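All remarks here apply to the structure that follows.
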Amino acid sequence: MNNYTNGLEARIEHLLARYYEGETTPDEELELYALLLDVREGEPYYTDAVLLRSQYERPVEPTPVAEPRTDAYPIFLSRRWLWPASMAAALVAVGLGLWLLRPSEDPLMAQRNGAAMTQEEVNVVVDDAVMRLATALDNSRAKSQQALMLLEHKLR
């Protein structure tokens, strides 16, 4: 054996003696663990190495991965459904407006509550309906985005 091996064995013997007497520091125990890390079965110090491995090595357990929660918020608030739902609401509003402002027997005359309307009145009503629809869609989009941000923040 060369001097390096003799010095290494002497250091292992010294650390093992201190270890079994309960006098080692955490750094010395870590050094002893590192020195005995490559010891295999049948080699000297194997039982000591097994003891130290049991102290420092823990079995690796897989970290459980949580399934994504689908019940966290209603499906109609998901981003995937936001655009189609907004478009459906807009189509319903436009269709309802067209039905309510349907022409009378005279194709050029619109009625409101049974009374004839001039073209200027029709323009005012249509402009008002379109503005209300645009405002409602903007508010709906803003509130949906706020709700999504709040829910995403709570889910983190």
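Sequential numbering from 1 along the given sequence is applied to the chain's residues. Source: prediction; values computed, not measured.
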Worksheet item: Roughly how far, to the nearest 0.5 Å, is the CG atom of L15 from the CG atom of L52?
Response: 10.0 Å
Practice prompt. Heavy atoms only: give me the nearest E31-R11 pair and the separation to one decimal.
Written response: OE1-NH2, 2.7 Å
Under 3.5 Å, which donor-acceptor pairs link side chains of residues 135-142 to any protein atom two or more places apart or in another chain?
unit_1	atom_1	unit_2	atom_2	d
T135	OG1	M131	O	2.9
N139	ND2	T135	O	3.4

Discussion item. Working to the nearest 0.5 angstrom, can you tell me the gap between L16 CG and E21 CD?
Written reply: 11.0 Å
Worksheet item: Above 12 or not: heavy atoms from other molecules or residues under 6.0 Å from CZ of R53?
Response: yes
Worksheet entry | side-chain contact (heavy atoms from CB on, under 4.5 Å) between Y20 and L51, intermediate numbers included | CA-CA 11 Å; Y20 288 120; L51 178 65; 3.8 Å; yes
Worksheet item: Do you reckon V124 sits in the same ILVMFWY cluster as V126, going by side-chain contacts under 4.5 Å, direct or chained?
Response: no
I'd like a table of donor-acceptor pairs (distance under 3.5 Å, sequence neighbours excluded) in which one partner is a side-chain atom from residues 36-43, with atom names and distances.
unit_1	atom_1	unit_2	atom_2	d
E43	OE1	R40	N	3.2

Worksheet item: So how far is it from L35 CG to E9 CD, rounded to the nearest 0.5 Å?
Response: 11.5 Å
Worksheet item: About how many Å separate OG1 of T24 and CD of E29, when rounded to the nearest 0.5 Å?
Response: 3.5 Å
Item to complete: Any pair with a residue in residues 30-53 that passes ring pair (Phe, Tyr, Trp, His ring centres under 6.0 Å), sequence neighbours left out, goes on the list, sorted by first then second residue, please.
Response: Y33-Y56
Worksheet item: Between the side chains of D48 and Y19, does any donor sit under 3.5 Å from an acceptor?
Response: no
